[in-house]
2 protein chains.
Amino acid sequence: MTALPETPAPANPDETLRLDRFLPYRLAVLANTVSKGIARLYADRFGITIPEWRILAILGAFGAATASEIQGRSAMDKVQVSRAIARLTEAGMIQRTVDAADRRRQTIAMTAEGDQVYREIVPLARAREAALLEGFTQEEREMLDRLLDRLQARAAAGETP
Amino acid sequence: MTALPETPAPANPDETLRLDRFLPYRLAVLANTVSKGIARLYADRFGITIPEWRILAILGAFGAATASEIQGRSAMDKVQVSRAIARLTEAGMIQRTVDAADRRRQTIAMTAEGDQVYREIVPLARAREAALLEGFTQEEREMLDRLLDRLQARAAAGETP
DNA sequence: ATGAATCTGTTACAAATGAAACTAACACGA
DNA sequence: TCGTGTTAGTTTCATTTGTAACAGATTCAT
């Protein structure tokens, strides 16, 4: 470790910013770490991606839905949803039925195979979540819950203008 | 709103999972919301991306550094760093100097122009962070800090194996 | 020395993503 | 019943990203 040619070396904490303490950065790194782990798990065991999992999760919780309902509940845009639906259909995990009343719409429902996969994933997903929260007291979990909701609300509010 | 042809309708909360309460999902959505807003801000005003901003942030806080040091401090992989460095060099915000002692290495330092941009961005970044945390008490901020650190540690631990 | 192993950083190629254009279906007022 | 406007979902195309291969430089044990 040789001494570097001295650079401006800005030591004034008001003009500087510690990236590793910067909230947006920390959120990005955390979410990325978590997502990568989950993505690998799902890919390895079920051959699905996170957008595909999200669709199964929506269908599993709410039953059949249209693409736009899925979009609304999953924070994905319609292109992502469309592509994920295409892949899941290809994989035989969901089925599309054109809505008779409005033929632009199609109702998406899980097939028996999709339901099977869903039932296998849910416990794994829960286990992941539990592993993340291991060592957190009930109070801490509730606090985290509220803080995240508030952050989300403020982040979303900052975007609307 | 017509009644849908009834689907399995899994009401058993043990077998089901509310995606919108699922921690990994919430973290992903939150980080994404925050990052998008910031990315737009930086792109509009400075024409830089988030990876580029991260490099400026590292250089601003620590002075000159090699690519691998930046990589270590920024949670980016070496390809991301290499590309961001290339763009910043192109834009005249940083300068590379091949290390005389080890000619594989190059020391990266901000130019006056890069420093200028950095000084303009920092207050905006701080303001963003402040906006996110608006309405949070000091105790809540500290709690959030600790909870995020612990989550990050647990998420990272879950990946090493 | 010398050659295998390792390290730094870049490049090449394929896959994922995002924005905008597009198709088809519906709604609704003139 | 036409025509304009809107909506659902898909496709296209350009860009971004990730993985792996790569080139050059260094190290270090023989």
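In what follows, every heavy atom counts, from backbone to side chain, and hydrogens, waters and symmetry copies are set aside. Lettering of chains follows the sequences in order, A, B, ..., and the numbering in each one begins at 1.
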Any B:Gln71 side-chain N or O less than 4.0 Å from OP1/OP2 of C:dG9 |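 So the side-chain polar atoms of B:Gln71 never come under 4.0 Å of the phosphate oxygens OP1 or OP2 of C:dG9.
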Under 4.0 Å between a side-chain N or O of B:Ser82 and OP1 or OP2 of C:dG9?
->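 False: B:Ser82 side-chain N/O out of range (4.0 Å or more) of C:dG9 OP1/OP2.
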Among residues two or more places apart or on two chains, list those pairs meeting side chain to side chain donor-acceptor pair (under 3.5 Å) that have a residue in residues 27-36 of chain A.
->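 Sorted result for residues 27-36 of chain A: A:Thr33-B:Gln152.
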Mapping A:Asp102 and A:Lys36 to their closest nucleotides on DNA chain D, which lands nearer the 5' end?
->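 Here A:Asp102 is the residue nearer the 5' end.
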Report the residue (A:Ile85 or A:Asn32) whose heavy-atom-nearest nucleotide on DNA chain D is the more 5′ of the two.
->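 Taking each residue's closest nucleotide, the earlier one in sequence belongs to A:Ile85.
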From [options], nucleotide with atom closest to [X] side chain:
X        : options               : result
A:Arg83  : D:dG9, C:dG18, D:dT19 : C:dG18
B:Arg104 : C:dT17, C:dT8, D:dT10 : C:dT8
B:Ser68  : C:dA25, C:dG9, D:dT10 : C:dG9

Rounded to the Å, how far apart are [X] [atom1] and [N] [atom2]?
X        : N      : atom1 : atom2 : answer
A:Arg40  : D:dG18 : CZ    : P     : 15 Å
A:Ile108 : D:dG9  : CD1   : P     : 7 Å
B:Met76  : D:dT16 : CE    : P     : 15 Å
B:Asp77  : D:dT19 : CG    : P     : 8 Å
A:Arg105 : D:dT6  : CZ    : P     : 17 Å
A:Ile70  : D:dA8  : CD1   : P     : 13 Å
B:Ile94  : C:dG9  : CD1   : P     : 12 Å
A:Ile50  : D:dG18 : CD1   : P     : 13 Å

Determine whether more than 12 heavy atoms belonging to other residues, nucleotides or ligands lie under 6.0 Å from atom CZ of B:Arg21.
->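 Correct, the count exceeds 12.
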Crowding at CZ, A:Arg141 (>12 non-hydrogen neighbours, <6.0 Å) =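 Correct, the count exceeds 12.
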Examine the base of D:dG9 for any acceptor or donor lying under 3.5 Å from a partner atom in the side chain of A:Arg103, and report the outcome as yes or no.
->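 Result: no qualifying N/O pair found.
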Donor-acceptor pair under 3.5 Å, B:Arg96 side chain vs C:dG9 base =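 Side chain to base: no pair present.
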Touch check for B:Ala84, heavy atoms < 4.0 angstrom, all strands: base, sugar-phosphate only, or nothing?
->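 Nothing: the residue B:Ala84, judged by heavy atoms under 4.0 Å, touches no strand.
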When you match A:Lys78 and A:Pro51 each to their closest nucleotide on DNA chain C, which lands nearer the 5' end?
->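 Upstream on the strand: A:Pro51.
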Sidechain N-carboxylate O distance under 4.0 Å for A:Arg83, A:Asp77 |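 No salt bridge links A:Arg83 with A:Asp77.
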Where the side chain of A:Tyr25 meets the backbone of B:Ser74, is there a donor-acceptor pair that is under 3.5 Å apart?
->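 Looks like yes, one N/O pair under 3.5 Å.
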